[in-house]
Amino acid sequence: MLSRRLKRKKQWRQRLIMLTLLFCLIGVIGGFGYHKFHAGTRPNIKSFPVLGLRVSQDDGFLDFQNLQKAGVNFVYLRASQGKSYSDDNFSTNYWRAVGTNMAIGVYQDYSFTSSPKAQYRQFSQTVGQQSGNLPIMINVTYYGNYQKEPPTSSRQITHLREFVNLLRTNYHRSVVLLGNQQVATTLFKRLKLPYALASQRLPKDQHNLVFWEYSEAGKLKVAGQNQRYTTLVYLHKQARWQ
C-alpha cells in the first residue's frame with residue numbers, strides 16, 4: 001500500500017514538472033511572438049504624428065512619391081562617411097526627394113579616426129549645396145574596438161564639437177547628433193547639443209532630445225507592399241514642426 005502511494009506521488013511530481021516546463025515554453029514562445037509582432041511597430045500616431053526615415057544606398061531604389069503617400073513627412077539621406085566615402089545614391093536620392101513635399105535632411109557617419117576638417121571636406125564635396133532644409137545630422141556609433149572602450153576622452157569630444165562648428169558655420173544650419181543610449185550618455189550629454197536617440201524605448205529624460213529613431217526595421221506599407229526602413233519620429237508638437 002505504501003509503495004503505491006509513493007509511486008503515485010512520484011507520478012504527480014513528474015506530471016507537475018512537465019506542466020511547469022510546458023507553461024514556461026509557452027511563455028517563451030509567446031514572448032518571442034509578442035516581440036516579433038511589435039518590433040518595428042510605429043509608436044502611437046496621435047502622440048508622434050510626424051514620421052521620418054533615415055536611408056542610404058543600402059535601401060536600394062526609393063520611390064519618394066509613394067513614401068510620402070504612405071505617410072512619411074521627412075527623410076534623412078546619408079551623404080558621406082569619415083574622410084573618404086560618399087554614399088553612391090546620395091545625389092539621385094536627393095533630387096528624387098526634392099520632387100515631393102517631404103522635408104529633407106542629410107547626414108554624415110562620423111569617424112573617430114579622421115580629423116574634423118577632413119570629414120567636413122568629404123561631407124561638403126559630397127553634399128555641395130544639396131543640404132536640404134532640416135538640421136544636418138551626425139550619426140555617431142561606437143564601432144570596432146570602440147564598443148568595448150568608448151572614445152570619451154576630452155580630445156574626442158573636442159573633435160566632435162569642432163566638426164559640429166564647421167557644419168554650422170559653413171552651412172548656416174543647426175546640427176543634430178544621432179546615437180544609441182550609450183553614446184547619448186557618454187558623449188551627447190557632455191556636449192549639451194540637440195540629439196536623436198536610436199532606441200526601442202523612449203527615455204524619461206528627454207532634455208535636448210529632438211528625434212526618436214525607434215527601429216532599424218520599421219514597418220511601413222508602401223504602394224500596397226509591406227516594407228521595412230530605419231524609422232524615426234519628431235518628438236515635439238506637429239505645429240512646431242510646420
Side-chain angles (χ1 to χ4, degrees), residues 50 52-56 74-87 90-91 93-94 97-98 103-147 149-199 203 205-213 230 232-236 240-241:
V50 184
L53 306 181
R54 184 167 64 88
V55 301
S56 70
F74 67 96
V75 60
Y76 265 98
L77 313 172
R78 183 172 67 173
S80 51
Q81 176 179 322
K83 66 176 182 179
S84 58
Y85 177 83
S86 297
D87 191 287
F90 171 71
S91 187
N93 279 341
Y94 185 87
V98 166
I104 301 171
V106 298
Y107 75 93
Q108 156 96 355
D109 285 335
Y110 187 75
S111 169
F112 291 104
T113 57
S114 302
S115 72
K117 289 182 180 179
Q119 294 194 69
Y120 171 75
R121 185 163 50 249
Q122 180 65 27
F123 176 86
S124 61
Q125 287 175 353
T126 303
V127 171
Q129 298 304 310
Q130 302 169 32
S131 58
N133 52 9
L134 291 176
I136 295 171
M137 181 179 283
I138 304 173
N139 179 31
V140 183
T141 58
Y142 290 155
Y143 53 87
N145 294 331
Y146 292 124
Q147 292 178 344
E149 298 181 8
T152 56
S153 67
S154 298
R155 180 171 174 269
Q156 290 289 2
I157 291 174
T158 300
H159 278 192
L160 184 53
R161 183 179 283 115
E162 182 182 345
F163 184 48
V164 168
N165 289 335
L166 283 168
L167 292 170
R168 281 176 170 173
T169 301
N170 291 283
Y171 278 91
H172 308 288
R173 187 75 55 80
S174 59
V175 174
V176 60
L177 306 174
L178 167 66
N180 61 21
Q181 188 63 65
Q182 183 187 17
V183 177
T185 302
T186 56
L187 278 182
F188 297 171
K189 290 184 179 180
R190 292 175 67 181
L191 287 163
K192 298 179 181 180
L193 294 171
Y195 73 98
L197 181 68
S199 173
D205 181 8
Q206 297 179 21
H207 182 65
N208 283 335
L209 190 56
V210 181
F211 297 106
W212 173 25
E213 188 176 287
T230 298
L232 58 163
V233 289
Y234 180 62
L235 291 181
H236 300 292
R240 185 173 172 183
W241 170 263

Partners passing side-chain hydrogen bond (donor to acceptor under 3.5 Å, both in side chains) against Q108 (at least two apart in sequence or in another chain): S80, Q119
I would like to know whether V106 and F123 meet side-chain contact (heavy atoms from CB on, under 4.5 Å); could you show each step before the answer? CA-CA 10 Å; V106 298; F123 176 86; 3.7 Å; yes
Side chains of V75 and V55: closer than 4.5 Å at any heavy-atom pair? yes
Residues at least two apart in sequence or cross-chain that pass side-chain contact (heavy atoms from CB on, under 4.5 Å) with T185, listed by chain then number, are Q181
Any chance you could measure K83, atom NZ, to Q125, atom CD, to the nearest 0.5 Å? 13.0 Å
For residues 115-137, the salt bridge (charged side-chain N to carboxylate O under 4.0 Å, His left out) pairs (sequence neighbours left out) are none
Restricting to non-hydrogen atoms, name the atom on G82 and the atom on S111 that form the minimum distance, rounded to 0.1 Å. CA-CB, 3.7 Å
Which atom of Y107 lies closest to which atom of S56, heavy atoms considered: OH-CB, 4.0 Å
Applying salt bridge (Lys or Arg N to Asp or Glu O under 4.0 Å), name anything that partners R54, two or more places apart in sequence or on another chain. E213
Check ring-ring contact (aromatic ring centres under 6.0 Å, His included) between F188 and all other residues, then give those that pass, not counting sequence neighbours. Y195
All salt bridge (Lys or Arg N to Asp or Glu O under 4.0 Å) counterparts of K189, not counting sequence neighbours: D205
Please determine whether side-chain contact (heavy atoms from CB on, under 4.5 Å) holds for the pair V183 and Y110, giving the CA-CA distance in whole Å, both sets of side-chain angles, and the decisive distance to 0.1 Å. CA-CA 12 Å; V183 177; Y110 187 75; over 6 Å; no
What side chain to side chain donor-acceptor pair (under 3.5 Å) pairs are there with at least one residue in residues 134-144, not counting sequence neighbours? D109-N139, Y142-T186
Just wondering, do P203 and L197 contact through their side chains at under 4.5 Å, heavy atoms? yes
Could you tell me the separation between the CE atom of M137 and the CG atom of L232, rounded to the nearest 0.5 Å? 6.0 Å
Measure the spacing between CG of N93 and CG of D87 and express it to the nearest 0.5 Å. 7.0 Å
Report all side-chain donor-acceptor pairs from residues 126-135 shorter than 3.5 Å, counting only partners two or more places apart or in another chain.
residue: T126; atom: OG1; partner: S86; partner atom: OG; Å: 2.6
residue: T126; atom: OG1; partner: Q122; partner atom: O; Å: 2.9
residue: S131; atom: OG; partner: R173; partner atom: NH2; Å: 3.2
residue: N133; atom: OD1; partner: I104; partner atom: N; Å: 2.9

Only distances under 3.5 Å count here; give the side-chain donor-acceptor pairs of residues 155-168 to other protein atoms, sequence neighbours excluded, each with its distance to 0.1 Å.
residue: Q156; atom: NE2; partner: F112; partner atom: O; Å: 3.4
residue: T158; atom: OG1; partner: S154; partner atom: O; Å: 2.7
residue: N165; atom: ND2; partner: R161; partner atom: O; Å: 3.3

